[in-house]
There are 2 protein chains.
Amino acid sequence: MKKIILIYGASLAVLVFLLKYLEYQFFAKDLALEFYLAVIAILFTGLGIWAGFRLTRKKVVVVKMSADFVFNERELDRLGISKREHEVLEWMAKGLSNQEIADKLFVSLNTVKTHTSNLFLKLEVSRRTQAIQKAKELSLIP
Amino acid sequence: MKKIILIYGASLAVLVFLLKYLEYQFFAKDLALEFYLAVIAILFTGLGIWAGFRLTRKKVVVVKMSADFVFNERELDRLGISKREHEVLEWMAKGLSNQEIADKLFVSLNTVKTHTSNLFLKLEVSRRTQAIQKAKELSLIP
DNA sequence: AAAGCCTTCACCCGAAAGGATGATTTCAAG
DNA sequence: CTTGAAATCATCCTTTCGGGTGAAGGCTTT
């Protein structure tokens, strides 16, 4: 966060410097221009960040509660299950084979196999049926 | 972090190049103030949005669960699933392997395999995970 | 810059699961 | 008594899974 802010600042400084240089070379006009540019840049950077937050927030508002299921994110975190792994878990619970999941997620079979293996370790099970069973108990999936 | 620096650098380079080029080619004079402002504004708005995107994440959801199960014997009948097959189905849903089910029911592995095969035919599925999924939908098992 | 996850993909090997078919025994119903 | 469904077990063969290992690239954090 701080680094990004610093980088923004540095970028602005460099930009202003460059513009000033250009102006010197070609216009040799009034020096107030840089201030306009800097102000505009800062303003629009803030605006952009705000817009970015807005946009992502909208994306996060993807609240989906089906019937009577509440996602237990705490447990998911505790077990260290990643986003992708959880995704694989969901499809797995729907009865898809590894190959089918691979097709659905546009990755290779090997990748899905890796995810499932990691899932089994994290869930402390050794078969997909057990994984599904346990995941449901923990409210990791509907 | 490297990426951020690189992107900023590239953006600045392109910007400077463009300004210089345009200046050379067309307006040999100023009057480009508004143009500069517009370019800066657009560029930094984009960067801000991008930064906003990478700075945000997280989400929360909470609900509750209810679980009342009513055995659907009618469906079981309709599908012609026998008592033994249903028994196998129940253990299957608990994550047991065919061998484990065989041990639990004091029958051979082959017998369990026969039961599961028949179950898959009757449930019109081809994998045990699908069978479990479907059996739950039909309230054949909790 | 370095250390650490996440994601992706690969290869190998053995175990489990699934499909097809056939056979025996038991038991209830026609 | 004959028929048929259910339950049992078997063999053969193919596909899917699961486990182990390694590795490359990206992003985050320190």
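Computed from a predicted model, the values in this text were never measured in an experiment. Letters A, B, ... mirror the listed sequences (proteins, then strands); counts begin at 1.
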Return the value, rounded to whole Å, for the distance between atom CG of B/N110 and atom P of C/dA16.
14 Å
Would you mind reading off the distance between A/D103 atom CG and C/dC9 atom P, rounded to a whole angstrom?
12 Å
Nearest of D/dA6, C/dG19, C/dA17 to any side-chain atom of B/S82?
D/dA6
Between C/dT8 atom P and A/N98 atom CG, what is the distance in whole Å?
14 Å
Could you give the CG-to-P distance, from A/N118 to C/dC6, as a whole number of Å?
9 Å
With sequence neighbours excluded, tell me which residues meet salt bridge (charged side-chain N to carboxylate O under 4.0 Å, His left out) with B/E87.
B/R84
Does B/R127 have a side-chain nitrogen or oxygen under 4.0 Å from the phosphate oxygens OP1 or OP2 of C/dG18?
no
Expressed as a whole number of angstroms, how long is the span from A/L121:CG to D/dG20:C1'?
10 Å
When rounded to whole Å, the CG to C1' distance for the pair B/L96 and C/dA16 reads 13 Å
B/K134 and B/E137 ion-paired at < 4.0 Å
no
B/E87 CD to D/dA7 P, in whole Å, measures 9 Å
Identify the heavy atoms of A/I132 and A/M92 that sit nearest to each other, and give their distance.
CD1-O, 3.5 Å
Picking from D/dC17, C/dG18, D/dT8, which would you name as closest to the side chain of B/T114?
D/dT8
Specify the residue among B/K113 and B/S108 whose closest nucleotide of DNA chain D lies further upstream toward the 5′ end.
B/S108
Tell me the closest heavy-atom pair linking B/L96 and A/R127, and the distance in Å.
C-NE, 4.1 Å
Given D/dG18, C/dT7, C/dC9, the nucleotide with the shortest approach to the side chain of A/H115
C/dT7
Base, sugar-phosphate, or nothing for A/T111, non-hydrogen atoms under 4.0 angstrom?
base
Minimum-distance nucleotide (side-chain atoms of B/R128 versus C/dT7, D/dG18, C/dG18)
C/dG18
Output the rounded distance in Å from CD (A/E100) to C1' (D/dT16).
11 Å
Could you please name the option among C/dG19, D/dG19, C/dA17 that lies closest to any side-chain atom of B/S117?
C/dG19
Taking the side chain as everything from C-beta on, heavy atoms only, tell me whether A/H86 gets closer than 4.5 Å to A/I141.
yes
